[in-house]
Amino acid sequence: MRGGRRLFPLLLLALLPGPCHCRESAPGAVTCGSVLKLLNPRHSVRLHSHEVKYGSGSGQQSVTGVEASDDANSYWRIRGKSDSSCQRGTPVKCGQAIRLTHVNTGKNLHTHHFPSPLSNNQEVSAFGDDGEGDDLDFWIVQCSGTYWEREDAVRFKHVGTEVFLSITGEQYGHPIRGQREVHGMSAANHHNYWKAMEGVFIKPSLDPAKHDEL
(Lines give C-alpha, C1' and ligand atoms only; values in the text may rest on other atoms or scores of the structure.)
Protein backbone atom coordinates (compact mmCIF):
# COMPACT_ATOMS: atom_id res chain seq x y z
CA MET A 1 0.00 0.00 0.00
CA ARG A 2 1.27 3.47 -0.77
CA GLY A 3 2.71 5.16 2.33
CA GLY A 4 0.83 8.43 1.90
CA ARG A 5 -2.54 6.79 1.57
CA ARG A 6 -1.88 4.60 4.58
CA LEU A 7 -0.75 7.48 6.80
CA PHE A 8 -4.17 9.05 7.44
CA PRO A 9 -5.91 5.92 8.74
CA LEU A 10 -2.96 5.19 11.02
CA LEU A 11 -3.07 8.73 12.40
CA LEU A 12 -6.82 8.39 12.86
CA LEU A 13 -6.36 5.21 14.87
CA ALA A 14 -3.75 6.94 17.02
CA LEU A 15 -6.44 9.38 18.12
CA LEU A 16 -8.79 6.62 19.23
CA PRO A 17 -9.12 6.07 22.98
CA GLY A 18 -8.42 2.70 24.52
CA PRO A 19 -11.11 0.05 24.72
CA CYS A 20 -14.21 1.81 25.97
CA HIS A 21 -17.71 0.43 26.13
CA CYS A 22 -19.36 3.72 26.98
CA ARG A 23 -22.57 4.68 25.19
CA GLU A 24 -24.67 7.75 24.85
CA SER A 25 -28.34 7.44 25.74
CA ALA A 26 -29.28 7.94 22.07
CA PRO A 27 -26.15 7.38 20.00
CA GLY A 28 -27.88 7.73 16.64
CA ALA A 29 -27.11 6.21 13.28
CA VAL A 30 -23.93 4.77 11.83
CA THR A 31 -22.71 7.21 9.18
CA CYS A 32 -20.67 7.05 5.98
CA GLY A 33 -16.97 7.56 6.60
CA SER A 34 -17.12 6.26 10.16
CA VAL A 35 -14.40 3.87 11.36
CA LEU A 36 -15.62 1.16 13.71
CA LYS A 37 -15.35 -2.34 15.05
CA LEU A 38 -18.14 -4.87 14.49
CA LEU A 39 -19.05 -7.37 17.20
CA ASN A 40 -20.79 -10.68 16.59
CA PRO A 41 -22.83 -10.86 19.83
CA ARG A 42 -23.54 -14.58 19.54
CA HIS A 43 -19.84 -15.46 19.70
CA SER A 44 -18.45 -12.27 21.35
CA VAL A 45 -15.79 -11.70 18.68
CA ARG A 46 -14.97 -8.71 16.49
CA LEU A 47 -14.57 -8.76 12.72
CA HIS A 48 -10.85 -8.76 11.98
CA SER A 49 -8.29 -8.99 9.19
CA HIS A 50 -4.50 -8.97 8.89
CA GLU A 51 -1.76 -9.67 6.36
CA VAL A 52 -2.25 -13.44 6.59
CA LYS A 53 -3.49 -15.20 3.45
CA TYR A 54 -5.67 -18.28 3.24
CA GLY A 55 -3.66 -21.42 2.54
CA SER A 56 -6.54 -22.80 0.47
CA GLY A 57 -9.48 -21.48 -1.53
CA SER A 58 -8.81 -18.07 -3.06
CA GLY A 59 -5.49 -17.48 -1.30
CA GLN A 60 -6.63 -13.93 -0.57
CA GLN A 61 -6.19 -12.07 2.73
CA SER A 62 -8.04 -13.85 5.51
CA VAL A 63 -10.89 -12.42 7.59
CA THR A 64 -11.46 -13.77 11.08
CA GLY A 65 -13.13 -13.04 14.41
CA VAL A 66 -11.08 -12.10 17.50
CA GLU A 67 -12.04 -11.82 21.16
CA ALA A 68 -9.73 -8.89 21.94
CA SER A 69 -11.46 -5.51 21.98
CA ASP A 70 -8.25 -3.48 21.62
CA ASP A 71 -6.79 -4.96 18.41
CA ALA A 72 -6.18 -2.23 15.81
CA ASN A 73 -6.63 -4.76 12.99
CA SER A 74 -10.36 -4.87 13.75
CA TYR A 75 -11.19 -1.38 12.43
CA TRP A 76 -13.31 -1.02 9.28
CA ARG A 77 -14.34 2.10 7.38
CA ILE A 78 -17.95 2.47 6.14
CA ARG A 79 -18.12 3.38 2.45
CA GLY A 80 -20.76 3.29 -0.27
CA LYS A 81 -20.76 1.44 -3.58
CA SER A 82 -19.20 4.66 -4.81
CA ASP A 83 -17.91 7.60 -2.81
CA SER A 84 -20.73 9.79 -4.13
CA SER A 85 -23.40 7.31 -2.95
CA CYS A 86 -22.27 7.51 0.69
CA GLN A 87 -21.09 11.02 1.47
CA ARG A 88 -19.15 11.56 4.68
CA GLY A 89 -21.45 11.95 7.69
CA THR A 90 -24.60 10.70 5.91
CA PRO A 91 -26.57 8.11 7.95
CA VAL A 92 -26.52 4.62 6.45
CA LYS A 93 -30.03 3.48 5.51
CA CYS A 94 -31.44 0.03 6.12
CA GLY A 95 -31.25 -1.73 2.77
CA GLN A 96 -28.31 0.37 1.55
CA ALA A 97 -25.36 -1.33 -0.16
CA ILE A 98 -22.01 -0.48 1.42
CA ARG A 99 -18.36 -1.47 1.38
CA LEU A 100 -16.42 -2.28 4.55
CA THR A 101 -12.78 -1.32 4.02
CA HIS A 102 -10.17 -2.70 6.41
CA VAL A 103 -8.33 0.35 7.71
CA ASN A 104 -4.84 -1.09 8.17
CA THR A 105 -4.58 -2.94 4.85
CA GLY A 106 -6.94 -1.00 2.56
CA LYS A 107 -8.75 -4.15 1.41
CA ASN A 108 -12.53 -4.57 1.21
CA LEU A 109 -14.67 -7.21 2.88
CA HIS A 110 -15.37 -9.66 0.06
CA THR A 111 -16.88 -13.06 -0.62
CA HIS A 112 -17.09 -15.41 -3.59
CA HIS A 113 -17.79 -19.04 -4.47
CA PHE A 114 -14.87 -20.66 -2.66
CA PRO A 115 -15.42 -22.97 0.33
CA SER A 116 -14.34 -21.65 3.71
CA PRO A 117 -11.43 -23.67 5.16
CA LEU A 118 -13.03 -24.95 8.38
CA SER A 119 -16.81 -25.14 8.00
CA ASN A 120 -17.09 -25.49 4.21
CA ASN A 121 -19.45 -22.53 4.08
CA GLN A 122 -18.58 -19.65 1.72
CA GLU A 123 -15.16 -18.07 2.13
CA VAL A 124 -15.01 -14.42 3.24
CA SER A 125 -11.79 -12.57 2.42
CA ALA A 126 -10.33 -9.07 2.21
CA PHE A 127 -9.69 -8.01 -1.38
CA GLY A 128 -8.53 -5.06 -3.45
CA ASP A 129 -5.92 -2.35 -3.15
CA ASP A 130 -6.22 1.08 -1.52
CA GLY A 131 -9.96 0.52 -1.02
CA GLU A 132 -10.71 -0.44 -4.62
CA GLY A 133 -11.76 -4.01 -5.39
CA ASP A 134 -14.69 -5.24 -7.48
CA ASP A 135 -18.46 -5.75 -7.39
CA LEU A 136 -18.13 -8.64 -4.94
CA ASP A 137 -17.26 -6.12 -2.21
CA PHE A 138 -20.86 -4.90 -1.76
CA TRP A 139 -22.99 -5.78 1.27
CA ILE A 140 -26.57 -4.75 2.05
CA VAL A 141 -27.23 -3.57 5.60
CA GLN A 142 -30.33 -5.36 6.88
CA CYS A 143 -32.03 -3.65 9.80
CA SER A 144 -35.59 -2.98 10.94
CA GLY A 145 -35.89 0.80 10.93
CA THR A 146 -35.00 3.61 8.56
CA TYR A 147 -31.29 3.84 9.45
CA TRP A 148 -28.58 1.57 10.82
CA GLU A 149 -28.66 2.57 14.49
CA ARG A 150 -25.49 2.12 16.51
CA GLU A 151 -27.24 0.18 19.28
CA ASP A 152 -29.01 -2.23 16.93
CA ALA A 153 -27.88 -5.68 15.80
CA VAL A 154 -27.89 -5.82 12.00
CA ARG A 155 -27.08 -8.31 9.27
CA PHE A 156 -24.88 -7.87 6.20
CA LYS A 157 -26.18 -9.67 3.10
CA HIS A 158 -23.80 -10.01 0.18
CA VAL A 159 -25.14 -8.44 -3.01
CA GLY A 160 -23.50 -10.82 -5.47
CA THR A 161 -24.02 -14.20 -3.78
CA GLU A 162 -26.82 -13.48 -1.28
CA VAL A 163 -25.05 -14.99 1.73
CA PHE A 164 -24.97 -13.45 5.21
CA LEU A 165 -21.75 -12.49 6.99
CA SER A 166 -21.54 -15.09 9.76
CA ILE A 167 -19.54 -16.82 12.46
CA THR A 168 -20.40 -20.25 13.84
CA GLY A 169 -17.45 -20.72 16.19
CA GLU A 170 -14.83 -22.80 14.33
CA GLN A 171 -11.30 -21.90 15.53
CA TYR A 172 -8.07 -21.73 13.57
CA GLY A 173 -4.74 -23.22 14.61
CA HIS A 174 -1.28 -21.88 13.79
CA PRO A 175 -0.47 -19.11 12.76
CA ILE A 176 -3.73 -17.48 13.93
CA ARG A 177 -4.55 -19.84 16.77
CA GLY A 178 -7.84 -19.20 18.53
CA GLN A 179 -9.23 -16.81 15.92
CA ARG A 180 -12.68 -17.73 14.58
CA GLU A 181 -13.62 -18.46 11.01
CA VAL A 182 -15.78 -15.80 9.31
CA HIS A 183 -17.84 -17.09 6.40
CA GLY A 184 -21.00 -16.59 4.37
CA MET A 185 -24.19 -18.54 5.12
CA SER A 186 -27.30 -18.71 2.98
CA ALA A 187 -29.71 -18.68 5.94
CA ALA A 188 -30.48 -15.72 8.19
CA ASN A 189 -30.01 -16.83 11.80
CA HIS A 190 -28.51 -15.84 15.15
CA HIS A 191 -24.95 -16.43 13.86
CA ASN A 192 -25.09 -13.45 11.47
CA TYR A 193 -25.96 -10.49 13.68
CA TRP A 194 -23.42 -7.68 14.14
CA LYS A 195 -23.26 -4.60 16.37
CA ALA A 196 -21.27 -1.40 15.99
CA MET A 197 -18.78 -1.05 18.83
CA GLU A 198 -15.62 1.04 19.35
CA GLY A 199 -14.75 3.63 16.74
CA VAL A 200 -14.88 7.15 15.38
CA PHE A 201 -18.40 8.01 14.22
CA ILE A 202 -18.72 10.94 11.83
CA LYS A 203 -21.65 13.15 12.80
CA PRO A 204 -24.14 14.30 10.13
CA SER A 205 -22.85 17.80 9.56
CA LEU A 206 -21.76 20.27 6.92
CA ASP A 207 -18.48 20.43 8.81
CA PRO A 208 -16.48 17.27 7.94
CA ALA A 209 -14.13 17.91 10.88
CA LYS A 210 -16.82 17.11 13.44
CA HIS A 211 -16.94 13.59 14.77
CA ASP A 212 -18.02 11.66 17.83
CA GLU A 213 -15.43 9.48 19.49
CA LEU A 214 -16.33 6.46 21.55
Side-chain angles (χ1 to χ4, degrees), residues 30 35-68 71-81 92 96-143 148 153-173 175-197:
V30 174
V35 172
L36 51 72
K37 295 181 180 181
L38 290 166
L39 175 75
N40 182 293
R42 175 71 177 181
H43 298 279
S44 297
V45 293
R46 286 161 173 78
L47 188 68
H48 180 90
S49 192
H50 39 221
E51 294 181 350
V52 177
K53 295 183 178 180
Y54 287 119
S56 61
S58 70
Q60 294 176 4
Q61 182 170 300
S62 59
V63 173
T64 63
V66 296
E67 293 181 351
D71 194 319
N73 273 322
S74 300
Y75 283 108
W76 301 82
R77 184 183 306 280
I78 307 298
R79 303 169 63 213
K81 292 180 70 174
V92 176
Q96 181 173 343
I98 63 168
R99 289 177 288 179
L100 290 163
T101 301
H102 188 243
V103 171
N104 275 357
T105 63
K107 297 183 183 296
N108 296 327
L109 190 70
H110 180 94
T111 190
H112 38 214
H113 292 296
F114 286 94
S116 60
L118 301 182
S119 67
N120 206 40
N121 284 299
Q122 185 164 298
E123 181 192 276
V124 171
S125 65
F127 174 76
D129 185 37
D130 289 342
E132 299 304 321
D134 62 21
D135 59 3
L136 292 178
D137 300 341
F138 304 143
W139 300 80
I140 293 173
V141 181
Q142 289 197 341
C143 43
W148 174 8
V154 304
R155 291 189 174 102
F156 299 104
K157 186 174 184 178
H158 190 242
V159 173
T161 64
E162 299 188 341
V163 297
F164 295 92
L165 185 68
S166 307
I167 291 178
T168 49
E170 297 83 5
Q171 295 190 27
Y172 287 105
I176 51 174
R177 184 174 304 278
Q179 296 187 22
R180 310 296 175 86
E181 181 186 83
V182 174
H183 50 247
M185 298 182 71
S186 58
N189 55 48
H190 53 272
H191 295 295
N192 37 59
Y193 278 116
W194 299 87
K195 290 190 70 174
M197 299 298 289

Margin query: As a test of understanding, state which of Leu47, Val103, Ile78 forms a side chain to side chain contact (heavy atoms under 4.5 Å, CB included) with Leu36.
Written below: Ile78
Checklist line | Identified side chain to side chain contact (heavy atoms under 4.5 Å, CB included) counterpart of His110 within the set Phe138, Trp139, Phe127 | finding: Phe127
Just how far is it from atom [atom1] of [X] to atom [atom2] of [Y], taken to the nearest 0.5 Å?
{"X": "Gln171", "Y": "Ile176", "atom1": "CD", "atom2": "CD1", "value": "11.0 Å"}
{"X": "Thr64", "Y": "His50", "atom1": "OG1", "atom2": "NE2", "value": "4.5 Å"}
{"X": "Arg46", "Y": "Lys195", "atom1": "CZ", "atom2": "NZ", "value": "11.0 Å"}
{"X": "Leu109", "Y": "Leu136", "atom1": "CG", "atom2": "CG", "value": "11.5 Å"}
{"X": "Cys143", "Y": "Phe156", "atom1": "SG", "atom2": "CZ", "value": "9.0 Å"}
{"X": "Tyr75", "Y": "Lys37", "atom1": "OH", "atom2": "NZ", "value": "4.0 Å"}

Testing the basics here: between [X] and [Y], what is the closest heavy-atom pair and its distance to 0.1 Å?
{"X": "Leu38", "Y": "Trp148", "value": "CD2-CZ2, 3.9 Å"}
{"X": "Asn108", "Y": "Gly131", "value": "ND2-O, 3.1 Å"}
{"X": "Asn189", "Y": "Arg155", "value": "O-NH2, 3.2 Å"}
{"X": "Asp137", "Y": "Arg99", "value": "O-CG, 3.6 Å"}
{"X": "Gly169", "Y": "Arg180", "value": "O-CD, 3.8 Å"}
{"X": "Phe164", "Y": "Ser186", "value": "CE1-O, 3.7 Å"}

May I ask you to check whether [X] and [Y] show a side-chain donor-acceptor distance below 3.5 Å?
{"X": "His102", "Y": "Ser49", "answer": "no"}
{"X": "Ser74", "Y": "His48", "answer": "yes"}
{"X": "Ser116", "Y": "Glu181", "answer": "yes"}

Next item on the list: Could you give me the CA-CA distance, side-chain angles and deciding distance for Val45 and Glu67, then say whether side-chain contact (heavy atoms from CB on, under 4.5 Å) is met?
Entry: CA-CA 4 Å; Val45 293; Glu67 293 181 351; 3.8 Å; yes
Notebook entry, point to check: Does Glu123 use its side chain to pair, donor to acceptor, with the backbone of Gly57 at less than 3.5 Å?
Noted result: no
Next item on the list: Would you confirm whether Asn121, through its side chain, and Ile167, through its main-chain N or O, come within 3.5 Å as a donor-acceptor pair?
Entry: no
Notebook entry, point to check: Are Lys107 and Glu51 within salt-bridge range, i.e. N to O under 4.0 Å?
Noted result: no
Margin query: Using side-chain hydrogen bond (donor to acceptor under 3.5 Å, both in side chains), reason through Arg177 and Tyr172 one step at a time and then give a plain yes or no.
Written below: CA-CA 5 Å; Arg177 184 174 304 278; Tyr172 287 105; over 6 Å; no
Margin query: So, using side-chain hydrogen bond (donor to acceptor under 3.5 Å, both in side chains) as the criterion, who are the partners of Thr161 when residues are at least two apart?
Written below: Gln122, His158
Notebook entry, point to check: Yes or no on side-chain contact (heavy atoms from CB on, under 4.5 Å) for Ser125 and Gln61, after CA distance, side-chain angles and deciding distance?
Noted result: CA-CA 6 Å; Ser125 65; Gln61 182 170 300; 5.9 Å; no
Notebook entry, point to check: Can you list the steps and then say if Thr111 with Val124 is a side-chain contact (heavy atoms from CB on, under 4.5 Å)?
Noted result: CA-CA 5 Å; Thr111 190; Val124 171; 4.0 Å; yes
Checklist line | Pairwise side-chain contact, Thr168 with His183, heavy-atom cut-off 4.5 Å (strictly under) | finding: yes
